[in-house]
Amino acid sequence: MKVSFPVAGEPDPAEAEAARQLFAGPVDFVKGVVAMDGLPPADRPEICFAGRSNVGKSSLINALTGRKGIARASNTPGRTQEINYFALGQRAYLVDLPGYGFAKAPVAVVKKWQELLKNYLAGRPTLRRAFCLIDSRHGIKPVDHEIMTLLDKSAVPFQVVLTKADKLGPNAIKPVLAQVEDELQKHPAAFPELVVTSSDKGQGIATLRAIIGGLD
């Protein structure tokens, strides 16, 4: 039986306002982690963001928090080589994971941070949901399946967030949504709802804030 993956709609006004206030409050960089023993205490829920290098992770986190420079955005794929922790007040941690896939870095360095990424996803008990970022222009690629399969095996629910939607017209995104829906049939841990976003235009940001605000 095929699972449906509809696009999430706008939150109701009360949910949107509560989420806006949450993200308008303190959001602080905690630390960058280069090894599992450097992770902060698992004392609150964590929401992580994973995606191919240059998919727009940092830009999305900046848009969610309304702070232009809290996550470092770069045109150079693979710049983020750490697990970066941000405290959403006392409520939760937002976790920016190293980009996977292509990276302009030495092979040994790439291997080290990819291993850190996999160990984190497989072994963090307070991880409530992973948001897997997919570029709207390209859809799901084989390297994305590797991370999604790891999340399946680790029983970590993940939700696909399509980025850079402003680069496509309203009709051009339809085949991408169909491709993503078909590919997600392979992954039992996939949450049956998609979020379509544009960090530049603000599309989907209130929706994603409300989803995060609803996670305990």
Side-chain angles (χ1 to χ4, degrees), residues 7-33 39-40 43-99 117 120 124 126-137 157-168 170 173 191 193-216:
V7 174
E10 291 287 324
D12 68 46
E15 290 176 332
E17 178 59 18
R20 187 196 66 78
Q21 291 185 14
L22 174 64
F23 279 87
V27 182
D28 299 304
F29 176 72
V30 177
K31 64 188 305 189
V33 177
L39 295 175
D43 59 359
R44 69 193 72 178
E46 296 182 14
I47 297 99
C48 75
F49 298 85
R52 296 192 304 269
S53 297
N54 217 25
V55 76
K57 255 187 317 90
S58 296
S59 296
L60 183 67
I61 292 171
N62 289 337
L64 285 169
T65 61
R67 295 158 173 86
K68 290 184 178 180
I70 192 165
R72 293 174 297 177
S74 172
N75 291 324
T76 303
R79 178 177 173 182
T80 303
Q81 300 177 19
E82 305 171 333
I83 295 178
N84 288 312
Y85 268 78
F86 303 90
L88 187 58
Q90 299 296 316
R91 176 82 170 270
Y93 285 127
L94 303 178
V95 186
D96 182 13
L97 299 179
L117 169 64
Y120 169 79
R124 192 63 169 169
T126 47
L127 182 56
R128 292 292 182 266
R129 185 170 299 179
F131 289 100
C132 291
L133 276 54
I134 302 294
D135 192 319
S136 294
R137 299 168 296 179
F158 70 86
Q159 187 165 4
V160 165
V161 177
L162 292 161
T163 63
K164 306 183 183 183
D166 58 298
K167 308 298 183 184
L168 295 174
I173 200 171
F191 187 80
E193 186 180 64
L194 308 177
V195 186
V196 177
T197 67
S198 164
S199 298
D200 287 344
K201 305 299 183 183
Q203 179 183 353
I205 299 303
T207 298
L208 187 52
R209 283 176 181 159
I211 291 170
I212 294 170
L215 296 173
D216 294 323

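Side chain of Glu193 to backbone of Gln159: no donor-acceptor contact under 3.5 angstrom is found. Thr207 places a side-chain N or O within 3.5 Å of a backbone atom of Gly9 that can act as its donor or acceptor partner. Side-chain atoms of Lys164 do not come within 3.5 Å of backbone N or O of Arg137 as any donor-acceptor pair. Of the possible polar contacts, one joining the Arg91 side chain to the Gly213 backbone as a donor-acceptor pair under 3.5 Å is found. Listed for the Thr197 side chain is no donor-acceptor partner under 3.5 Å among the backbone atoms of Gln203. For the pair Thr163 (side chain) and Val55 (backbone), a donor-acceptor distance under 3.5 Å is present.
Looking at heavy atoms from C-beta onward, Asn84 lies in side-chain contact with Phe86 at the 4.5 angstrom threshold. Side chains of Ile83 and Pro98 form a contact here, defined as non-hydrogen atoms less than 4.5 Å apart.
Here CZ of Arg67 is found 9.5 Å from CZ of Phe23. Values are rounded to the nearest 0.5 Å. Atom CG of Leu215 is separated from atom CZ of Arg129 by 4.5 Å, given to the nearest 0.5 angstrom. The CD1 atom of Ile212 sits 5.0 Å away from atom CG of Leu64, with the distance rounded to the nearest 0.5 Å. Note that the CD1 atom of Ile61 and the OG atom of Ser199 stand 9.5 Å from one another [nearest 0.5 Å]. To the nearest 0.5 Å, the span separating CG on Asp200 from CG on Leu60 amounts to 11.0 Å.
Scanning for ring pair (Phe, Tyr, Trp, His ring centres under 6.0 Å) contacts around Phe49 gives Phe131, with sequence neighbours left out. In terms of the side-chain hydrogen bond (donor to acceptor under 3.5 Å, both in side chains) criterion, residue partners of Arg52 (sequence neighbours excluded) are, by chain and number, Asp144.
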Evaluation steps, side-chain contact (heavy atoms from CB on, under 4.5 Å), between Leu94 and Thr65:
CA-CA 10 Å; Leu94 303 178; Thr65 61; 4.3 Å; yes
Are Leu127 and Phe158 close enough, and set up right, to give a side-chain contact (heavy atoms from CB on, under 4.5 Å), and what steps lead you there?
CA-CA 10 Å; Leu127 182 56; Phe158 70 86; over 6 Å; no
How far apart are the C-alpha atoms of Tyr120 and Val95, what are their side-chain angles, what is the distance that settles it, and do they pass the side-chain contact (heavy atoms from CB on, under 4.5 Å) test?
CA-CA 11 Å; Tyr120 169 79; Val95 186; 3.7 Å; yes
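Crowding of Lys201 atom NZ: a count of heavy atoms from other residues, nucleotides or ligands under 6.0 Å not exceeding 12.
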